[in-house]
Amino acid sequence: MHAPPTAPRTRRRTRALGFAALAVAMLMSVPTAQTAFGEEVRAVPGGGDLGPNVHVFDPSTPDIQGKVDEIFEKQESDQFGTDRYALMFKPGTYDDINAQIGFYTQIAGLGLNPNDTTFNGDVTVDAGWFDGNATQNFWRSAENLTLNPVSGTNRWAVSQAAPFRRMHVKGGLNLAPDGYGWASGGYIADSKIDGQVGPYSQQQWYTRDSSVGGWVNGVWNMTFSGVEGAPANSFPEPPYTTLDTTPISREKPFLYLDGDDYKVFVPEKRVNARGVSWADGTPAGESIPLDQFYVVKEGADAATINAAVEQGLHLLFTPGVYHIDETITIDRADTVALGLGLATIIPDNGVTAIKVGDVSGVRLAGLLVDAGPVNSETLIEVGPENASADHSANPTSLQDVFVRIGGAGPGKATTSIVVNSDDTIIDHTWVWRADHGEGWGWETNRADYGVRVNGDDVLATGLFVEHFNKYDVEWYGERGRTIFFQNEKAYDAPNQAAIQNGDTKGYAAYRVDDSVDVHEGWGMGSYCYYNVDPTIIQEHGFKAPVKPGVKFHSLIVVSLGGNGQYEHVINDVGSPTSGPDTIPSQVVNFP
């Protein structure tokens with residue numbers, strides 16, 4: 001059997017309250033702090049302006065359309081550029097708006113409720129820049145707005161890392177590009193679409209805790225949890241996997257205006273959630289004033305960021321690219337680290353970008369971690385090795401936290417995300433080893449493992465992990481659950497020998513360790529496109545122990561255009577994909 005570089009813990013949870021959970025207190029900013037030598041140093045200030053890359057509009061702002069168009073022209077095809085933008089709209093009504101959203105652009109309302117900020121117009125993503133193909137419409141977001149689409153239907157033709165959150169569309173939503181070219185998204189959460197959602201050419205999609213007026217079709221894998229109006233469970237034909245509720249969810253923190261004061265709203269955890277969190281008006285949660293945040297701007301270093309956290313501040317990363325030469329360490333419970341405009345962290349000299357302690361309630365959200373050219377053993381760690389504290393009442397969450405290895409330039413990381421803390425929620429992540437751009441190739445952007453889960457009771461809702469040299473996902477913790485998984489195996493494997501795993505042909509996309517007794521997954525797909533050597537055989541997409549507590553529902557593997565083949569779906573179960581066409585193989589339930 002394969003042994004991971006860092007052996008997983010072999011323990012079962014001890015449910016006990018740790019001293020840290022009882023003793024942590026929220027510290028306020030103080031004017032000075034002391035070093036280890038007793039010297040007084042200037043403390044990191046909280047609050048301040050949002051920097052030059054956050055554009056704030058109100059209904060009286062002149063030429064809003066012109067400014068939005070200017071940013072779109074810069075960002076429409078700038079897939080691996082360094083500009084980052086957040087377009088923020090104060091509560092009110094905006095007429096005749098068509099906000100086209102390009103790369104590294106976030107558009108959001110600044111109300112506490114999506115209905116506070118209304119566009120009589122559209123928020124549009126299309127694929128004209130890529131000849132009508134939307135499979136590379138990554139890294140952008142729309143949040144906290146109400147839309148009255150001009151034509152009655154809003155177009156949001158995206159693929160990975162393009163969340164549609166806390167949106168109210170008073171009409172329909174079209175998820176395909178003009179001309180119905182391919183798209184490979186996507187993710188909707190906490191949103192209300194009054195009309196029908198039409199995925200059309202979308203290969204897969206996950207919708208969570210929302211309300212829809214109808215759903216038109218599905219290609220391979222359409223998954224719903226907690227969605228009012230979702231189609232009935234019918235996988236594989238049509239390919240709908242539907243859960244009435246989401247077992248545990250907590251919406252992403254967001255910036256809003258309380259009068260003239262900026263605050264960050266931190267939503268409460270919900271259990272067995274269904275429908276939007278804001279249906280009754282004010283959502284449940286906590287508001288944190290901006291002066292309790294270190295507002296991080298380009299040029300900030302990791303030492304200052306860590307000093308701010310130690311001082312008791314939360315983190316608000318403004319749009320930009322941040323090179324760090326030491327790990328950002330968050331050891332204080334309930335710390336919020338929120339990025340605007342796809343704020344991007346690049347670890348230099350092989351350091352880990354972010355480490356979270358074994359504490360409760362940390363929120364990482366809206367961040368892109370981009371691997372540097374010197375190999376990092378890990379990029380994000382949640383909890384130290386052998387973490388064991390009980391966080392069930394107040395989990396740590398990762399939301400819209402994305403990882404990229406290569407594409408913007410050479411990057412390497414052995415394992416992208418390691419989750420050691422129990423009860424962690426992974427809510428929408430795209431962990432991507434690049435298959436195009438700059439600085440990619442079988443060894444150039446070497447990255448053996450995508451996500452490794454050692455913690456118990458971890459829940460993943462919207463897990464997108466692609467192209468890793470070995471295992472994309474490995475799961476060692478007990479009682480893990482995944483609702484929706486999207487994967488492509490590495491395109492660029494040079495030959496069969498390069499992916500050989502002992503006596504097994506290829507590494508599974510999603511592997512549950514033989515030591516695990518209880519695990520469950522719904523709506524999960526793995527696809528291969530071995531275009532360098534189309535004769536490569538992948539033994540299976542999924543690997544799991546055959547035990548009564550290990551269950552999977554709605555599994556699919558697809559050979560894209562017959563470039564490589566799967567022999568089975570999971571273990572030795574499921575028929576092979578075969579022939580030159582894109583022919584899926586499906587398993588409804590395992591075992």
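Ionic pairing of R165 and D190 is not present here: no N-O contact between side-chain nitrogen and carboxylate oxygen is shorter than 4.0 angstrom. Ion pair K489/E466 not flagged as a salt bridge, since none of the NZ, NE, NH1 or NH2 atoms sits closer than 4.0 Å to an Asp/Glu carboxylate oxygen. For E567 and K505, the salt-bridge test passes: some basic side-chain N is under 4.0 Å from an acidic carboxylate O.
Classification of the H467-Y491 ring pair by plane angle, with boundaries at 30° and 60°, yields perpendicular. Between F485 and F542, the angle of the ring planes goes over 60°, which puts this pair in the perpendicular group of the 30/60° scheme.
Side-chain atoms of N454 and N420 include a donor-acceptor pair closer than 3.5 Å. Side-chain atoms of Y476 and E474 include a donor-acceptor pair closer than 3.5 Å. The closest side-chain donor-acceptor pair between D122 and T124, if any, does not fall under 3.5 angstrom. Defined by atom type and a distance below 3.5 Å, a donor-acceptor pair is present between the side-chain atoms of W129 and N137. With hydrogens and angles left out, the side-chain atoms of Y529 and D492 include no donor and acceptor closer than 3.5 Å. With 3.5 Å as the limit, one finds a donor-acceptor pair spanning the side chains of Q160 and Q486. For the residue pair S184 and Q204, a side-chain donor N or O sits within less than 3.5 Å of a side-chain acceptor on the partner. A donor-acceptor pair shorter than 3.5 Å can be found between the side chains of N501 and Y471. Q100 and E76 form no side-chain donor-acceptor contact under 3.5 Å, judged by distance and modelled atom types alone.
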task: Evaluate the side chain to side chain contact (heavy atoms under 4.5 Å, CB included) criterion for residues I405 and L379: first the C-alpha distance (whole Å), next the side-chain angles of each, then the deciding distance (0.1 Å), finally the verdict.
output: CA-CA 10 Å; I405 300 157; L379 292 173; 4.2 Å; yes
- request: Quick one: do D422 and H391 satisfy side-chain hydrogen bond (donor to acceptor under 3.5 Å, both in side chains)? Show the steps, please.
  value: CA-CA 6 Å; D422 295 339; H391 306 296; over 6 Å; no
Side chain to side chain contact (heavy atoms under 4.5 Å, CB included) assessment of E478 paired with D517: CA-CA 7 Å; E478 282 292 348; D517 292 323; 3.6 Å; yes
task: I would like to know whether R166 and S277 meet side chain to side chain contact (heavy atoms under 4.5 Å, CB included); could you show each step before the answer?
output: CA-CA 9 Å; R166 292 179 59 80; S277 67; 3.7 Å; yes
task: Begin with the C-alpha distance, continue with both residues' side-chain angles, and end with the deciding distance and a verdict on side chain to side chain contact (heavy atoms under 4.5 Å, CB included) for H553 and V588.
output: CA-CA 6 Å; H553 317 275; V588 177; over 6 Å; no
- request: Mind running salt bridge (charged side-chain N to carboxylate O under 4.0 Å, His left out) on E143 and K252 for me, showing each step along the way?
  value: CA-CA 10 Å; E143 304 176 53; K252 177 185 172 185; 3.2 Å; yes
field: Stepwise side-chain hydrogen bond (donor to acceptor under 3.5 Å, both in side chains) check, D400 with W430
entry: CA-CA 8 Å; D400 302 344; W430 186 38; over 6 Å; no
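D435 pairs by the salt bridge (Lys or Arg N to Asp or Glu O under 4.0 Å) definition with nothing, not counting sequence neighbours. With sequence neighbours excluded, the residues forming a salt bridge (Lys or Arg N to Asp or Glu O under 4.0 Å) with D370 are R404, listed by chain and number. By the side-chain hydrogen bond (donor to acceptor under 3.5 Å, both in side chains) test, T246 is found to be paired with D209, S225, residues two or more places apart in sequence or in another chain being considered. Residues passing the side-chain hydrogen bond (donor to acceptor under 3.5 Å, both in side chains) test with S201, sequence neighbours excluded: none. A search for side-chain hydrogen bond (donor to acceptor under 3.5 Å, both in side chains) contacts involving T396 returns nothing, not counting sequence neighbours. With sequence neighbours left out, R274 forms a salt bridge (Lys or Arg N to Asp or Glu O under 4.0 Å) with no residue at all. By the side-chain hydrogen bond (donor to acceptor under 3.5 Å, both in side chains) test, N487 pairs with D472, S526, sequence neighbours left out. The ring pair (Phe, Tyr, Trp, His ring centres under 6.0 Å) search around F590 returns none, not counting sequence neighbours. Take P576 and apply the side chain to side chain contact (heavy atoms under 4.5 Å, CB included) test, not counting sequence neighbours, and it matches no residue. Residues passing the ring pair (Phe, Tyr, Trp, His ring centres under 6.0 Å) test with Y530, sequence neighbours excluded: none.
Nearest heavy atom pair, residue A544 against residue F552, reads CB-CE1, 3.7 Å. Looking at every heavy atom in both residues, A127 comes nearest to N133 through CB-O, 3.4 Å. In terms of heavy-atom proximity, I345 sits nearest to A353 at CG2-CB, 4.2 Å. Here the closest heavy-atom approach between residue V587 and residue G574 is recorded as CG2-CA, 3.9 Å.
Within the 4.5 Å cutoff, no side-chain heavy atoms of T378 are placed close to those of T414. By the 4.5 Å heavy-atom criterion applied to side chains, L459 and P247 are counted as neighbours. You'll find the side chain of P267 stays beyond 4.5 Å of the side chain of P283, heavy atoms only. Side-chain contact between V216 and V197 is absent, with no heavy-atom pair separated by less than 4.5 Å. With contacts defined as side-chain heavy-atom distances shorter than 4.5 Å, the pair Q75/I101 does not qualify. Contact check for V518 versus V550: no side-chain heavy atoms found under the 4.5 Å cut-off. Two residues are said to be in side-chain contact when any heavy atoms from C-beta on lie closer than 4.5 Å; Q565 and Q538 fail this criterion. Proximity of W278 to P114: side-chain heavy atoms (C-beta onward) are separated by under 4.5 Å at one or more points.
Relative to the six-membered ring of F103, R140 meets both conditions, a distance below 6.0 Å and an angle of at most 45° to the axis.
E228 places no side-chain N or O within 3.5 Å of a backbone atom of S211 that could act as its donor or acceptor partner.
For residues 232-244, every residue pair satisfying the side-chain hydrogen bond (donor to acceptor under 3.5 Å, both in side chains) rule, not counting sequence neighbours, is listed here: T241-S554.
Within a 6.0 Å sphere centred on CD of E438, other residues, nucleotides and ligands contribute 12 heavy atoms or fewer.
You'll find the ring centres of W220 and W205 outside the 6.0 Å limit. Ring to ring, F464 and H428 are close: their centroids are under 6.0 angstrom apart. Centroid-to-centroid, the aromatic rings of W215 and F224 come within less than 6.0 Å. Taking the centre of each ring, Y510 and H519 come in below the 6.0 Å mark.
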Exercise answer: donor-acceptor pairs, residues 170-182 side-chain atoms, under 3.5 Å, sequence neighbours excluded:
{"from": "N174", "atom 1": "OD1", "to": "A176", "atom 2": "N", "distance (Å)": "2.9"}

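Partner of D427 under the salt bridge (charged side-chain N to carboxylate O under 4.0 Å, His left out) criterion, chosen from K269, R208, R270: R208.
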